[in-house]
**Q** 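Please read through the structure below; I'll follow up with questions.
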Amino acid sequence: MKDYSNFFNNVYEVVRNIPIGRVTSYGSIAKFLGVARSARMVGWAMNQAHILEDVPAHRVVNRNGRLTGKAHFAEINQMQKLLEKEGIKIENDEVVDFEKHFWDPSIELGFD
DNA sequence: CGATTGACCGAAG
DNA sequence: CCTTCGGCCAATC
């Protein structure tokens with residue numbers, strides 16, 4: 001049973017729970033929610049996220065650590081700017097030491 | 001309502 | 001390194 005109506009809601013909730021100075025990937029979120037093959041839906045969720053306020057979409061990148069969604073922000077450098085502000089270095093639109101800053105919801109949040 | 005697109009992922013060549 | 005393909009599903013045209 002998969003409540004896709006709640007799926008988007010869950011995505012936003014997970015993203016909100018991303019600690020400062022950490023980043024995660026769309027796939028990891030999707031996997032955490034049990035829809036590993038629907039990572040694109042996470043992307044769509046992010047697309048809708050811009051209407052929300054507590055959704056730090058800048059902390060969500062693709063599995064390469066690349067800022068694929070930067071073009072969707074109000075300003076192109078907004079995403080990189082926010083990340084660098086949190087102590088994450090960006091180089092060539094990619095997160096430096098991505099693995100080091102990577103935050104896996106399935107590990108950090110985990111299930112009870 | 002059919003076809004296309006998309007802030008993805010992974011595998012294959 | 002790059003391109004192509006299959007998969008998944010909502011939103012858009």
Side-chain angles (χ1 to χ4, degrees):
Chain A
M1 135 187 168
K2 296 182 175 82
D3 191 334
Y4 292 108
S5 301
N6 203 35
F7 172 70
F8 275 56
N9 207 355
N10 289 331
V11 173
Y12 302 139
E13 196 169 317
V14 173
V15 176
R16 287 192 195 107
N17 277 282
I18 301 176
I20 295 177
R22 298 275 184 125
V23 290
T24 191
S25 63
Y26 305 91
S28 297
I29 295 174
K31 188 176 183 182
F32 172 67
L33 298 177
V35 285
R37 296 184 177 98
S38 299
R40 297 176 133 166
M41 301 300 87
V42 179
W44 264 109
M46 295 294 93
N47 199 335
Q48 299 297 310
H50 78 92
I51 66 177
L52 302 177
E53 300 177 6
D54 297 342
V55 183
H58 62 271
R59 294 187 192 140
V60 185
V61 296
N62 71 354
R63 76 118 185 147
N64 277 312
R66 196 172 190 195
L67 282 56
T68 50
K70 69 164 193 164
H72 294 262
F73 283 77
E75 296 181 16
I76 299 299
N77 39 339
Q78 184 78 57
M79 190 172 189
Q80 178 172 339
K81 196 174 178 183
L82 290 170
L83 290 173
E84 291 183 327
K85 192 174 178 184
E86 297 181 356
I88 299 175
K89 296 177 182 177
I90 308 298
E91 194 170 293
N92 194 16
D93 294 337
E94 294 181 21
V95 177
V96 179
D97 295 326
F98 174 60
E99 302 176 17
K100 189 180 285 187
H101 295 290
F102 183 64
W103 178 84
D104 192 341
S106 63
I107 295 176
E108 302 295 333
L109 293 179
F111 285 103
D112 52 10

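Scope of the values below: all heavy atoms of this structure, side chains included, with no hydrogens, waters or symmetry mates. The sequence lines fix the lettering, A, B, ..., with proteins before strands; numbering per chain opens at 1.
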**Q** Taking only Lys NZ, Arg NE, NH1 and NH2, and the carboxylate oxygens of Asp or Glu, determine whether A/K81 and A/E75 approach each other closer than 4.0 Å.
**A** no
**Q** Under the 3.5 angstrom rule, does the side chain of A/N92 hit a backbone N or O of A/E94 as a donor-acceptor pair?
**A** no
**Q** Can you find a side-chain donor-acceptor pair between A/E86 and A/H101 that sits under 3.5 Å?
**A** no
**Q** Which distance, rounded to the nearest 0.5 Å, do you find between the NZ of A/K31 and the CG of A/L33?
**A** 12.5 Å
**Q** Taking the P atom of each, how far is B/dT5 from C/dT4, in whole Å?
**A** 14 Å
**Q** Specify the separation, in whole Å, of atom CZ of A/F8 and atom C1' of C/dC8.
**A** 12 Å
**Q** Measuring from A/D54:CG to A/E13:CD, what's the distance to the nearest 0.5 Å?
**A** 11.5 Å
**Q** Using a 4.0 Å heavy-atom cut-off to protein, can you give one letter per nucleotide of nucleotides 6-13 of chain B, 5' to 3': B if the base is in contact, S if only the sugar-phosphate is, - if neither?
**A** BBBSS---
**Q** Measure the distance from CZ on A/R66 to C1' on C/dC2 and round it to the nearest whole Å.
**A** 12 Å
